[in-house]
J.: 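Take a look at this one; I'll ask things after.
Protein chains get the first letters and strands the later ones, always in sequence-line order, with residue 1 at the start of each. Any value given below was found using the heavy atoms of this structure, including those in side chains, with hydrogens, waters and symmetry copies removed.
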There are 4 protein chains.
Amino acid sequence: MAGSVNKVILVGNLGKDPEIRRTQDGRPIANLSIATSETWRDKGTGERKEKTEWHRVVIFNEGLCKVAEQYLKKGAKVYIEGALQTRKWTDQSGVEKYSTEVVLQGFNSTLTMLDGRSGGGGSFADDAGGDFGSSGPSMAPPRRAVASAGGGGRNNDMDDDIPF
Amino acid sequence: MAGSVNKVILVGNLGKDPEIRRTQDGRPIANLSIATSETWRDKGTGERKEKTEWHRVVIFNEGLCKVAEQYLKKGAKVYIEGALQTRKWTDQSGVEKYSTEVVLQGFNSTLTMLDGRSGGGGSFADDAGGDFGSSGPSMAPPRRAVASAGGGGRNNDMDDDIPF
Amino acid sequence: MAGSVNKVILVGNLGKDPEIRRTQDGRPIANLSIATSETWRDKGTGERKEKTEWHRVVIFNEGLCKVAEQYLKKGAKVYIEGALQTRKWTDQSGVEKYSTEVVLQGFNSTLTMLDGRSGGGGSFADDAGGDFGSSGPSMAPPRRAVASAGGGGRNNDMDDDIPF
Amino acid sequence: MAGSVNKVILVGNLGKDPEIRRTQDGRPIANLSIATSETWRDKGTGERKEKTEWHRVVIFNEGLCKVAEQYLKKGAKVYIEGALQTRKWTDQSGVEKYSTEVVLQGFNSTLTMLDGRSGGGGSFADDAGGDFGSSGPSMAPPRRAVASAGGGGRNNDMDDDIPF
DNA sequence: TTTT
DNA sequence: TTTT
């Protein structure tokens with residue numbers, strides 16, 4: 001199909017520590033359980049209500065898995081950007097089940113810590129060991145590198161003066 | 001929870017006509033089945049691959065339900081903005097199942113037709129019978145009304161010339 | 001034009017306290033200055049680089065203006081969702097200028113505090129004094145009320161069991 | 001800054017053909033002029049109103065530039081995802097000006113054609129010559145390659161049947 | 001002018 | 001299981 005978009009944006013808190021496992025060929029996969037919640041006041045009774053939604057987030061990218069493993073803990077607030085994916089599986093009693101997950105994989109996936117503890121954090125895009133510096137043998141987490149790409153050929157004399 | 005976001009953005013095509021049903025008290029609910037797909041070239045073989053993902057979209061807002069009923073058909077391309085919601089239900093054989101849906105309900109829900117046939121289309125926000133004109137006995141679909149709100153107190157002399 | 005979307009999503013910190021002013025007819029307008037920044041490692045030198053972008057955010061909605069006034073301070077981290085708008089104006093020397101702002105107005109605008117101090121906060125949608133509770137003489141900030149809209153007619157027996 | 005997000009999502013139509021230029025070292029830069037518009041009904045008079053917003057979009061990524069050059073024409077409808085950037089420049093009379101643009105550069109940039117003519121289309125992410133196949137001397141446009149990354153270690157037996 |  |  002030409003021209004489709006499948007994007008999920010969540011800001012929420014981890015309900016527990018990330019779970020990291022490995023595939024047979026050694027690639028890491030991280031699972032996050034992220035809570036979002038809505039609060040509102042009941043129109044009739046006026047009482048305050050809250051509803052929590054839990055999201056299963058699966059990270060296939062190696063760099064983002066490391067970020068999750070090293071920096072994220074139960075309770076951490078994160079911004080994530082991924083895609084919806086529904087997986088079919090069969091439970092032990094042979095019943096077919098579907099599980100819908102938010103998948104961070106390939107491009108246009110992002111994981112950003114929003115509580116800036118530990119000095120480590122920052123914003124990470126899923127660069128799949130891509131073009132920008134952070135690859136190689138170093139274990140340094142990949143850095144989002146928007147400003148460097150295509151930097152040549154542009155008058156980037158952005159001093160941070162405010163135009164307003 | 002202070003500060004959470006639960007947002008899904010899809011651009012895709014309807015796999016079938018919208019299904020409209022009504023609650024006991026007469027409120028409409030529309031179900032859409034939307035396909036998104038990814039294409040890529042296999043790194044090993046070089047062949048073109050495609051994977052389609054199907055999304056279950058549920059519209060609770062009355063105005064958007066009417067839009068869906070009147071304007072959307074199988075094959076239509078739409079932009080939708082909603083929230084993830086996982087629902088638990090029990091099938092006829094007593095097995096507990098979970099279903100994750102993209103819910104359009106309340107604020108911050110949008111349904112926009114992207115193939116501008118039928119003159120009807122346009123962009124619709126889920127205004128829940130809100131502040132902007134489209135309420136009342138009229139069956140007219142709600143219109144997104146960004147520019148009118150707060151129009152006072154602002155120099156809105158934007159002529160539609162391209163400023164660059 | 002049928003079918004367009006104009007959306008900006010920012011997560012950043014306020015560079016200074018919100019500035020609130022009023023129109024002649026008494027409507028509040030809040031201006032926020034929000035910083036986002038990118039960090040990356042230079043491919044050549046390996047040194048850490050950072051580039052900050054400043055965004056002018058204008059809030060026309062009365063409820064969100066109150067939230068900004070009461071809860072936001074210099075340094076606060078926020079999630080905002082608005083639309084791009086370029087305004088033409090003439091400076092004192094008669095030169096035509098353009099200013100591009102992120103406008104929170106009408107539907108599909110959101111302001112959410114991400115550092116949960118003061119117990120006040122929460123997530124606020126721009127409901128324009130709409131359908132959900134928060135209107136009236138009360139000064140209570142508007143609450144995002146997704147779950148209440150259309151609540152009738154749905155089996156919302158979501159207990160927060162995790163389906164995974 | 002740890003934890004910031006700078007994202008613009010537009011769905012709109014090109015006001016004119018893309019303009020492609022090259023930097024001194026030969027890198028292409030594409031400029032798009034994209035219109036979005038809002039329609040609403042005036043609360044007082046009831047008449048239909050429309051306001052068009054024009055967005056300057058700058059593409060630094062070589063792959064996306066080629067896509068723009070080869071597939072996009074005046075009138076084309078596109079989905080784009082980029083970041084806000086304000087640039088300072090001096091006009092011929094020495095006046096300092098600011099220009100805010102939507103920049104597609106590096107990760108998390110997307111350009112997707114929404115009117116599927118010419119068979120070419122599809123969805124493209126800005127992969128900066130990244131991990132997925134499309135690099136090399138071939139002029140083939142980069143393909144978004146979500147499903148292939150991390151494919152090992154996962155039961156991806158998704159048949160494209162609609163599961164609901 | 002923020003933040004790390 | 002989070003957070004307020």
Side-chain angles (χ1 to χ4, degrees), chain A residues 10-19 31-41 48-57 71-80 112-124 141 143-144 159-164, chain B residues 1-6 86, chain C residues 10-19 31-41 48-57 71-80 112-124 141 143-144 159-164, chain D residues 1-6 86:
Chain A
L10 300 177
V11 173
N13 296 278
L14 272 69
K16 49 184 174 182
D17 289 348
E19 291 166 355
N31 281 269
L32 310 182
S33 184
I34 296 183
T36 57
S37 79
E38 304 284 344
T39 57
W40 71 99
R41 202 160 291 278
R48 198 166 168 282
K49 303 265 196 172
E50 175 164 5
K51 176 164 168 293
T52 296
E53 190 72 31
W54 287 96
H55 308 271
R56 180 173 176 81
V57 174
Y71 299 108
L72 298 184
K73 298 278 176 232
K74 173 177 176 175
K77 188 181 286 280
V78 293
Y79 171 98
I80 72 102
T112 302
M113 286 171 282
L114 295 179
D115 32 20
R117 31 173 130 169
S118 86
S123 183
F124 307 93
R143 297 279 162 182
R144 202 171 174 200
D159 42 4
D160 288 336
D161 292 342
I162 317 173
F164 50 84
Chain B
M1 182 192 309
S4 66
V5 173
N6 175 0
T86 297
Chain C
L10 299 177
V11 173
N13 297 276
L14 273 69
K16 50 184 174 182
D17 289 350
E19 291 168 355
N31 282 268
L32 309 181
S33 185
I34 296 182
T36 58
S37 78
E38 304 284 344
T39 57
W40 70 99
R41 203 162 291 276
R48 200 168 165 279
K49 302 266 195 174
E50 174 164 5
K51 177 162 168 295
T52 297
E53 190 72 31
W54 287 97
H55 308 271
R56 180 173 175 80
V57 175
Y71 298 108
L72 299 185
K73 298 278 176 231
K74 174 177 175 174
K77 188 181 285 279
V78 293
Y79 172 98
I80 72 103
T112 302
M113 285 171 282
L114 295 178
D115 31 19
R117 32 171 131 170
S118 86
S123 183
F124 307 94
R143 297 278 163 183
R144 200 168 175 202
D159 42 4
D160 288 338
D161 292 343
I162 316 177
F164 48 85
Chain D
M1 182 191 310
S4 66
V5 174
N6 174 2
T86 297

J.: Rounded to whole angstroms, how far apart are CD1 on I80(C) and P on dT2(E)?
T.: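 Atom CD1 in I80(C) sits about 19 Å away from atom P in dT2(E).
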J.: Without decimals, in angstroms, what is the distance between Y79(C) OH and dT3(F) P?
T.: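 Rounded to whole Å, this separation is 21 Å.
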J.: Counting distance alone, no hydrogens or angles: does the base of dT3(E) have a donor or acceptor under 3.5 Å from a partner atom on the side chain of T36(C)?
T.: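 Answer is no: no donor-acceptor pair is held.
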J.: Quickly work out the L14(C) CG to dT4(E) P distance and round it to whole Å.
T.: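 Rounded to whole Å, this separation is 14 Å.
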J.: Would you state whether a donor and an acceptor, one from the side chain of S37(A) and one from the base of dT4(F), lie under 3.5 Å apart?
T.: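 Looking at the base of dT4(F), it does not pair with any donor or acceptor on the side chain of S37(A) (distance under 3.5 Å).
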J.: Rounded to whole angstroms, how far apart are CD1 on I34(C) and P on dT2(E)?
T.: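 That distance rounds to 14 Å.
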J.: Within this structure, what is the NE2-to-P distance between H55(C) and dT3(E), rounded to whole angstrom?
T.: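 Rounded to whole Å, this separation is 16 Å.
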J.: Return the value, rounded to whole Å, for the distance between atom CD of E53(C) and atom P of dT4(E).
T.: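 E53(C) atom CD is separated from dT4(E) atom P by 20 Å.
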J.: Decide whether E50(A) and T39(A) meet the rule of one side-chain donor and one side-chain acceptor closer than 3.5 Å.
T.: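 Result is no, nothing qualifies.
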J.: Have T36(C) and H55(C) got a donor and an acceptor in their side chains that come within less than 3.5 Å?
T.: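 Yes - a donor-acceptor pair under 3.5 Å links their side chains.
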J.: Quick one: pull up NZ in K16(A) and CG in L72(A) and give me the separation to the nearest 0.5 Å.
T.: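 So the NZ of K16(A) and the CG of L72(A) are separated by 14.5 Å.
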J.: In whole Å, what is the span from the CG atom of N13(C) to the P atom of dT2(E)?
T.: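 Distance, rounded to whole Å: 10 Å.
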J.: Write down the distance between CG (L114(A)) and P (dT2(E)), rounded to a whole number of angstrom.
T.: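 So the CG-P distance, L114(A) to dT2(E), works out to 20 Å.
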J.: Taking side-chain contact (heavy atoms from CB on, under 4.5 Å) as the criterion, tell me which of N31(C), V78(C), I34(C) meets it with V57(C).
T.: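 The residue from N31(C), V78(C), I34(C) that satisfies side-chain contact (heavy atoms from CB on, under 4.5 Å) with V57(C) turns out to be I34(C).
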